[in-house]
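Okay, structure first, notes after.
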Amino acid sequence: MKKLINLISEEVTKTFVSAGYDEKYGKVTLSNRPDLCEFQCNGAMAAAKEYKCAPFMISDKVAALLESDEMFESVESVKPGFLNIKMDTAFLAKYMNDMKDDEGRYGLEKAKKPLTIVVDYGGPNVAKPLHVGHLRSAVIGESVKRIAKFMGHNVIGDVHLGDWGLQMGLIITELRERKPDLVYFDESYTGEYPKEAPFTISELEDIYPTASGKSKSDESFKEAALLATKELQGGRRGYQALLSHIMNVSVTDLKRNYENLNVHFELWKGESDAQPYVPEMVEMMKEKGFAHMSEGALVVDVKEDTDTKEIPPCIILKSDGASLYSTTDLATLVMRMKENNPDRVIYLADARQSMHFIQVFRCARKTGIVPDTTELVHIGFGTMNGKDGKPFKTRDGGVMRLEYLLKEIDDEMLNKIKENQKEKENLNIDEAEAEQTAKTVALAAVKYGDLSNQASKDYIFDIDRFTSFEGNTGPYILYTIVRIKSILSKYEAKGGDISALKDAIMPAVNAGQKNLMLSLAKFNATIESAYEESAPHKICAYIYELANAFNGFYHDTKILSEENEELKKSYISLLVLTKEILEACIDMLGFSAPDRM
Ligand code: ARG
C-alpha cells in the first residue's frame, strides 16, 4: 500500500500541475500546527518566486481545485500562501480497512529486493558474566535485526563471542594453580578427556577475574598465561579440551541469559572461528603490497586525503606475530563473505570503538576483502549511565551483573503488579501468573527505556521512571495493549465475533477517533524510516503517540455500551487494528505484552 503522505502529495502535486505550476511545488508534509490542520503544503511560497506573483494567488487557485476532491475534508488557503489540509473521514476509514486487510503487513510493503544482512551484536566475552555494558548491544541489535526482518530481508544475527586471546590462557593458568592434578595438564596423557567440565559456571566466573587480577600484579603469572595462550593456539590437546569445556559451560550460561532478554542469535560464532582465515589473509595483504612493516608491526595504511582527523594505520600483526582485535574482525569479514556473502554487515558496539571500525572497514575495502557492493555499518551506542550521570554501577561501585539488575527490576515490577491488583479486586491473578507478568513487563521497561533513546546518545538508566505505568515508558505501552485486549474479550464474551469484521471501520465520529486513525496510518512510513536509519527509537516515539491517540479515543468514546451495532463493530475493528499494530511494533522492539496486568 502507498503511504498516506505520498497519496496526499501525489494528489496535491497533480493539482499544482493542472493549475499550471511545476510539480516540484506539490510536496505535502505533516502539519506543524496540528491545532489547525493535519497536513500542509508550503509549495506556493516557493512557487511565487518563479511565477512572480503573490503566494496566496497560487494557494487560492490550488485550494479551489482541491475543494471537491474526495480525499480531503477541507483544503484551506491561508495567507501568506499556505495550504492547510484535512483528510476526508471516509477516505481515511477506507485506508484503515485496507490496512487491516493487508495480511499482517498493515500497509507496509516488503522490500522489493531482499538483502542479506549480517548483524553482529551481543559480543559477550566467554567466561565473563554479562554485565550492564552488554545490555545495549543486545537490545539494540535484536531490534535492528527484527526491523530488517519485518521489511522482508534475510537477516542473520551473529553473537560474535569474544573467545580468543589472553583470557583463555589466564583461565587455564588459574585453573592449573587451583587443580594441578587435572589430567588436562598432563602432557604425557594420550587418552580421552572427561565429558564433564572440571568447573561450574560460578567457579568459572570466579576464576577469570582472579586470574585477570593476578596477571596485573604478578609478572610470572602473566608470563605463564601468555605461554598457555600460545600453547592453546598451537594446538596443545589438554588445553584444547579445556577450551571446549570453558566454551560449553559459558555458552550455556550466556544462552540462558540472552533467552531471558528475549534475544536470539542465528549464529553462535566467535572470534576463534575467524582464526583459520588469518594466515592466508595476511599473505594476501603482503603479496598485493597493502601491508608493510612499521615499528616492528605489520600494518595497512588507511588514512585518506579528505580526513580531517588523524586515522592511524590498521595493525594486522603485532611485532611478536600475534593477531589483534582488528585482525580478528578482518578475518571474520573474510569468513562472512565466504559463508554468507552479505549485502550489509551491521556492527553494534560501543561508540568508543568507532576508530577501530573506521580502520577495519577501510582496510577491508582497500584490500578487497569486502567488495563495493557490501555495506559496512557501525552503530556506535552511547553509555548507560546511573542517575548520577556516571556509568551505571552497583551500589558499592562495582560493575553490575546483568542478571542481578534484571532481577531487581523483576522484583520491583512484581510489587507494582500486586499493588495494582489490590486496587482492582476483580483481577484474580495467581502468584505464578503475577511472576510471569512481572518478567514480561520488566523486560519491556528495560528495553523500552533503552530503545526510546537515540542509540548514539548516552542515557540515564532510571529504574523508577522506566517501570512507571504512566508517561513514555514500556509499561505504559503494555498497559494500553492490555486495556484493548480486555475490551475485546468483553466484546467476545457477549457473543461478538472479532474475526467477522471485514471492512467494518466507518468514518470517524469524533476528533479523538480521527486522530487515532491518522496515527495508525503512519505505521508503514514509520517502520520504513526506522529500518533505513537503523533507528528503533522512531518506533518507540510512534507507539507512544499511538498509545496516547488510542487512550484519547477511549476517553472520548463509549465503546461496548454503544447501541448502534454497526458503529460498535467499527470501533471494535479499529481496536483490533490498533492492538495488532502495537503488537507488531513491540515485537520489532523485542518484547511482548501480557494478557492482563
Ligand atoms: N567483544 C567485544 C567487546 O566486549 C565486542 C565485539 C563487537 N563486535 C565486533 N565484531 N568487534 O568489546
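The figures here come from the full heavy-atom set of this structure, side chains too, leaving out hydrogens, waters and symmetry mates.
Considering only heavy atoms from C-beta on, His134 stays 4.5 Å or farther from Asn257 through its side chain. Contact annotation: the side chain of Met597 approaches that of Phe469 to within less than 4.5 Å [non-hydrogen atoms, C-beta and beyond]. Side-chain contact between Leu7 and Tyr95: present, with at least one pair of heavy atoms (C-beta onward) separated by less than 4.5 Å. The closest side-chain heavy-atom distance from Tyr542 to Lys538 is not below 4.5 Å. Residues Phe591 and Leu478 are in side-chain contact: their nearest non-hydrogen atoms beyond the backbone lie under 4.5 Å apart. For the pair Asn154 and Pro114, the minimum side-chain heavy-atom distance is 4.5 Å or more. The side-chain heavy atoms of Met151 and Leu108, taken from C-beta on, include a pair separated by under 4.5 Å. Between Leu589 and Ser143, the closest side-chain pair of non-hydrogen atoms falls below 4.5 Å.
Looking at Arg256 and Glu259, no side-chain N of the basic residue comes within less than 4.0 Å of a carboxylate O on the acidic one, giving no salt bridge. Between Glu431 and Lys418 a salt bridge is recorded (basic side-chain N to carboxylate O distance below 4.0 Å). Classification of Glu266 and Lys145 as a salt-bridged pair holds, one side-chain N sitting under 4.0 Å from a carboxylate O. Note on Glu433 versus Arg596: salt bridge recorded, some NZ/NE/NH1/NH2 to OD/OE distance being below 4.0 Å. Look at Lys269 and Asp158 and you find no salt bridge, because none of the NZ, NE, NH1 or NH2 atoms lies under 4.0 Å from a carboxylate O. The pair Glu109-Arg105 does not meet the salt-bridge criterion, since no charged nitrogen lies less than 4.0 angstrom from a carboxylate oxygen.
Considering CG of Asn564 and OG of Ser570, their distance stands at 9.5 Å, rounded to 0.5 Å. Atoms CG and CG, on Asp88 and Asp69 in that order, are 9.0 Å from each other to the nearest 0.5 Å. Taking CG of Leu254 as the start and CG of Leu130 as the end, the distance is 5.0 Å to the nearest 0.5 Å. Rounding to the nearest 0.5 Å places CG of Leu574 at 11.0 Å from CG of Leu501. For the atom pair Ile156 CD1 and Leu267 CG, the distance stands at 6.5 Å (nearest 0.5 Å). For the atom pair Glu545 CD and Leu516 CG, the distance stands at 10.0 Å (nearest 0.5 Å).
Of the possible polar contacts, one joining the Lys447 side chain to the Leu261 backbone as a donor-acceptor pair under 3.5 Å is found. When atom types are taken as modelled, the side chain of Lys568 and the backbone of Leu560 share a donor-acceptor pair closer than 3.5 angstrom. A donor-acceptor pair is defined here as one N or O able to donate and one able to accept, closer than 3.5 Å; no such pair exists between the side chain of His537 and the backbone of Ala455. Remark: side-chain polar atoms of Ser489 are paired, donor with acceptor, to backbone N or O of Ser486 under 3.5 angstrom. Under a 3.5 Å cut-off, the side chain of Ser468 and the backbone N or O of Glu470 do form a donor-acceptor pair. Within the 3.5 Å criterion, the main-chain N or O of Phe82 finds no donor-acceptor partner in the side chain of Gln40. Remark: the backbone N or O of Asp101 is not paired with any side-chain donor or acceptor of Lys502 at under 3.5 angstrom. Put simply, the side chain of Ser137 gets close to the backbone of Gly122: a donor and an acceptor are under 3.5 Å apart. Not a single donor-acceptor pair under 3.5 Å links the side chain of Arg136 to the backbone N or O of Met384. The backbone N or O of Gln454 sits nowhere less than 3.5 Å from a side-chain atom of Tyr459 that would complete a donor-acceptor pair.
Ring geometry for Trp268 against Phe265 counts as perpendicular: the plane angle is over 60°, on a 0 to 90° scale with 30° as the lower cut. Between Tyr51 and Tyr21, the ring planes lie perpendicular to each other; the angle is over 60°, past the 30° to 60° tilted range. Relative orientation of the Phe466 and Phe461 rings is perpendicular, given thresholds of 30° and 60° on the angle between their planes.
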**Trace of the side-chain contact (heavy atoms from CB on, under 4.5 Å) decision for Val28 with Cys41** = CA-CA 5 Å; Val28 172; Cys41 171; 4.1 Å; yes
**Item:** Residues Ile58, Tyr25; criterion side-chain contact (heavy atoms from CB on, under 4.5 Å); working and verdict
**Value:** CA-CA 11 Å; Ile58 300 174; Tyr25 298 117; over 6 Å; no
**Asked** Where do Glu528 and Lys3 land on the salt bridge (charged side-chain N to carboxylate O under 4.0 Å, His left out) test, with the steps shown first?
**Response** CA-CA 10 Å; Glu528 217 171 85; Lys3 284 171 261 180; 2.5 Å; yes
**Request:** Carefully, step by step, assess Glu11 and Lys14 under the rule salt bridge (charged side-chain N to carboxylate O under 4.0 Å, His left out).
**Result:** CA-CA 5 Å; Glu11 197 69 7; Lys14 230 168 54 193; 3.4 Å; yes
**Message:** Does Lys514 form a side-chain contact (heavy atoms from CB on, under 4.5 Å) with Lys86? I'd like the steps, not just the answer.
**Reply:** CA-CA 10 Å; Lys514 189 175 186 194; Lys86 285 187 183 162; 4.2 Å; yes
**Message:** Determine whether Arg146 and Glu142 satisfy the following criterion, salt bridge (charged side-chain N to carboxylate O under 4.0 Å, His left out), listing intermediate values before the conclusion.
**Reply:** CA-CA 6 Å; Arg146 287 171 181 233; Glu142 181 74 14; 2.8 Å; yes
**Request:** Could you give me the CA-CA distance, side-chain angles and deciding distance for Leu518 and Phe39, then say whether side-chain contact (heavy atoms from CB on, under 4.5 Å) is met?
**Result:** CA-CA 10 Å; Leu518 286 167; Phe39 298 90; 3.9 Å; yes
**Request:** Begin with the C-alpha distance, continue with both residues' side-chain angles, and end with the deciding distance and a verdict on salt bridge (charged side-chain N to carboxylate O under 4.0 Å, His left out) for Lys24 and Glu50.
**Result:** CA-CA 12 Å; Lys24 68 173 180 266; Glu50 184 180 333; 3.5 Å; yes
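Scanning all heavy atoms of the two residues, the minimum distance from Phe523 to Met588 falls at CZ-CE, 4.0 Å. Between Ala54 and Ala48, the closest heavy-atom pair is C-CB, 4.2 Å. Between Thr467 and Lys416, the shortest heavy-atom contact is O-NZ, 3.1 Å. Closest heavy-atom contact between Gly81 and Ala44: O-CB, 3.3 Å. Taking every heavy atom of both residues into account, Ile527 and Cys585 meet most closely at CD1-SG, 4.3 Å.
Annotation: Lys79, atom NZ; neighbour count of heavy atoms from other residues, nucleotides and ligands within 6.0 Å does not exceed 12. Glu23 CD: 12 or fewer foreign heavy atoms inside a 6.0 Å radius. Other residues, nucleotides and ligands place no more than 12 heavy atoms under 6.0 Å from the CE atom of Met57.
Note: Phe91 and Phe72 fail the aromatic proximity criterion, with ring centroids not under 6.0 Å apart. The aromatic ring centres of Tyr476 and Tyr448 sit 6.0 Å or more apart. In this structure, Tyr347 has its ring center at least 6.0 angstrom away from the ring center of His160.
Between the side chains of Asn551 and Arg483, at least one donor-acceptor pair of N or O atoms lies under 3.5 Å.
Each of Val263, Ile140, Val139, Val144 was checked for a side-chain contact (heavy atoms from CB on, under 4.5 Å) with Tyr121, and the lone residue meeting it is Val263.
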